[in-house]
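Source: prediction; values computed, not measured.
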Amino acid sequence: MAKTTPNHTQTVSGWAALDSSGKITPYIFNRRENGVNDVTIKILYCGICHTDLHYAKNDWGITMYPVVPGHEITGIVVEVGSNVSNFKTGDKVGVGCMSASCLQCESCKSSEENYCDKVQFTYNGVFWDGSITYGGYSKMLVADYRFVVAVPDNLPMDRAAPLLCAGVTVFCPMKDNNLIGSQRQNIGVIGLGGLGHLAIKFAKAFGHHVTVISTSLSKEKEAKTKLGADDFIVSSNAQQMKSRQRTLDFILDTVSANHSLGPYLELLKIKGTFVIVGAPEKPMDLPSFPLIFGKRTVKGSMIGSIKETQEMIDICGKYNIMCDIEIVTPDKINEAYERIEKNDIKYRFVIDIAGQSSKL
């Protein structure tokens, strides 16, 4: 499979992993010319997702090196194709995890292209022209307009970047389970990290009672005073876990570490719903009795469609929901990776691609 095509004539500066060491280094490569359905974006910021680390180190055995990571991208439109009517130069835009899908299947036609069998990702994917896709750790991006969203003017571009992945990942389960515009419910959020802290913000914006469930007691003050959580459970405290049994309507599990679901399922009311968005490396322990005796549902969820991503970021603009971030320069990406592996971040790293003078 060719990594580029003859149409790839634009030279771009970026940062890539060249092998399974995962070390990110400066990398010069080519992008395609802006086509009739494309917008060219000057990248300002790119969030660092844990998925980037997995691809950089080929943890899943599917990396096509060199890999330019990054799927939490915000920037400014600098060129539009002749078929593009919903974007113009100067617009603030974002690009998330997807770069292409078949556009013809049932999923695509029902605005669920994230579940298309042929979906291709913003990096380490294969675009329609046969080229390998390169992500947001770079100065510019050429993207099909159908996979681009508008960023509300009131959202700062740096704190909006992680919404393109982390934000939509926690938003969609809430939307799917009718938690937007519904009566006040008791919502549990397992894990207080990049996903979890945004889940709290969404749930509170939607008017729900939020309980954070964590292994770390040290996070209680921040969960309550900074993020607005109403309650906090230390999952290793058997007494606390027992006292909250059958109190929650809905639980969102954002944890990627291996853990059993049984104790958490007991926190749900009868007919409660448990949604998994974290992805542990090993199969989860799912005991049957908490399901059978509680008529509970366990579901999975991934990112959203472009339509849902636009809806999510518009809601973020309405409620002023932003990610809590730490800015890094491109030469500090490897240090950021090391800190992510140590959970030494609150709550998301964002790369300042264009320099501080670009801040919007």
Evaluate whether atom [atom1] of [X] has more than 12 neighbouring non-hydrogen atoms of other residues, nucleotides or ligands under 6.0 angstrom away.
X      : atom1 : value
Asp117 : CG    : no
Lys118 : NZ    : no
Lys57  : NZ    : no
Lys269 : NZ    : yes

### Message
Determine whether Gln10 and Arg32 satisfy the following criterion, side-chain contact (heavy atoms from CB on, under 4.5 Å), listing intermediate values before the conclusion.
### Response
CA-CA 6 Å; Gln10 299 195 81; Arg32 68 180 183 272; over 6 Å; no
Parallel, tilted or perpendicular, as decided by the 30° and 60° cut-offs, for the rings of [Y] and [X]:
X      : Y      : answer
Phe29  : Tyr27  : parallel
Tyr55  : Trp60  : perpendicular
Tyr264 : Phe274 : tilted

### Message
Could you walk me through whether Glu33 and Thr9 satisfy the side-chain hydrogen bond (donor to acceptor under 3.5 Å, both in side chains) test, starting with their C-alpha distance in whole Å, then the side-chain angles of each, then the deciding distance to 0.1 Å, before giving a yes or no?
### Response
CA-CA 6 Å; Glu33 290 294 323; Thr9 60; 2.3 Å; yes
So, taking the atom named [atom1] in [X] and the one named [atom2] in [Y], what distance separates them when rounded to the nearest 0.5 Å?
X      : Y      : atom1 : atom2 : value
Gln240 : Phe232 : CD    : CZ    : 8.5 Å
Phe171 : Leu179 : CZ    : CG    : 10.5 Å
Ile327 : Phe349 : CD1   : CZ    : 10.5 Å
Phe206 : Ile315 : CZ    : CD1   : 4.5 Å
Ile187 : Lys204 : CD1   : NZ    : 10.5 Å
Ile353 : Asp158 : CD1   : CG    : 12.5 Å

[X]-[Y] co-clustered via ILVMFWY side chain contacts under 4.5 Å:
X      : Y      : answer
Val212 : Ile190 : no
Tyr319 : Leu164 : yes
Leu248 : Ile180 : no
Ile213 : Leu192 : no

Using only atom types and a distance under 3.5 Å, with no angle test, would you say the side chain of [X] pairs donor to acceptor with the backbone of [Y]?
X      : Y      : value
Asp249 : Asn186 : yes
Thr273 : Phe250 : no
Asp352 : Thr329 : no
Arg339 : Asp344 : yes
Asn114 : Ile303 : yes
Asp253 : Val255 : yes
Asn124 : Ile62  : yes
Asp52  : Cys49  : yes
Thr309 : Ser305 : yes
His8   : Asn30  : no

#### Entry: Trace of the side-chain contact (heavy atoms from CB on, under 4.5 Å) decision for Ile48 with Leu53
CA-CA 9 Å; Ile48 298 179; Leu53 280 71; 4.2 Å; yes
Heavy atoms, side chains only, cut-off 4.5 Å: are [X] and [Y] in contact?
X      : Y      : result
Met98  : Gln120 : no
Thr122 : Thr133 : no
His50  : Ile340 : yes
Ile251 : Leu267 : yes
Phe121 : Ser99  : no
Asp153 : Leu155 : no
Val189 : Thr211 : no
Thr169 : Leu198 : no

Test item: side-chain donor near acceptor, [X] and [Y], under 3.5 Å:
X      : Y      : result
Asp144 : Asn37  : no
Asn7   : Thr5   : no
Thr63  : Asn58  : yes
Ser216 : Ser214 : no
Gln310 : Asp314 : yes
Arg31  : Ser138 : yes

### Task
Show the numbers, then the answer: is there a salt bridge (charged side-chain N to carboxylate O under 4.0 Å, His left out) between Lys332 and Glu335?
CA-CA 5 Å; Lys332 300 296 183 183; Glu335 293 180 20; 3.6 Å; yes
### Message
Between Asp230 and Lys224, does the salt bridge (charged side-chain N to carboxylate O under 4.0 Å, His left out) criterion hold? Intermediate values first, please.
### Response
CA-CA 6 Å; Asp230 302 285; Lys224 289 182 175 179; over 6 Å; no
### Task
Report the C-alpha distance between Phe87 and Tyr145 in whole Å, list the side-chain angles of each, state the deciding distance to 0.1 Å, and finish with yes or no for ring-ring contact (aromatic ring centres under 6.0 Å, His included).
CA-CA 8 Å; Phe87 296 109; Tyr145 79 93; 7.3 Å; no
### Message
Determine whether Lys307 and Glu113 satisfy the following criterion, salt bridge (charged side-chain N to carboxylate O under 4.0 Å, His left out), listing intermediate values before the conclusion.
### Response
CA-CA 9 Å; Lys307 181 179 179 180; Glu113 63 276 1; over 6 Å; no
### Query
Could you walk me through whether Ile270 and Arg246 pass the side-chain contact (heavy atoms from CB on, under 4.5 Å) check?
CA-CA 7 Å; Ile270 305 303; Arg246 297 194 176 190; 3.5 Å; yes
### Query
Looking at the rings of Tyr123 and His71, which for Trp means the six-membered one, are their centres under 6.0 Å apart?
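Here the rings of His71 and Tyr123 have centres that are less than 6.0 Å from each other.
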#### Entry: Note: Glu266-Lys242 ion pair, threshold 4.0 Å (strictly below)
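Judged by the 4.0 Å cut-off on N to carboxylate O distance, Glu266 and Lys242 do not form a salt bridge.
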### Query
Can you list the steps and then say if Asp324 with Lys226 is a salt bridge (charged side-chain N to carboxylate O under 4.0 Å, His left out)?
CA-CA 11 Å; Asp324 293 356; Lys226 183 177 180 180; 3.7 Å; yes
### Task
Would you please test Met284 and His259 for side-chain contact (heavy atoms from CB on, under 4.5 Å) and show each step?
CA-CA 7 Å; Met284 290 180 164; His259 58 290; 4.0 Å; yes
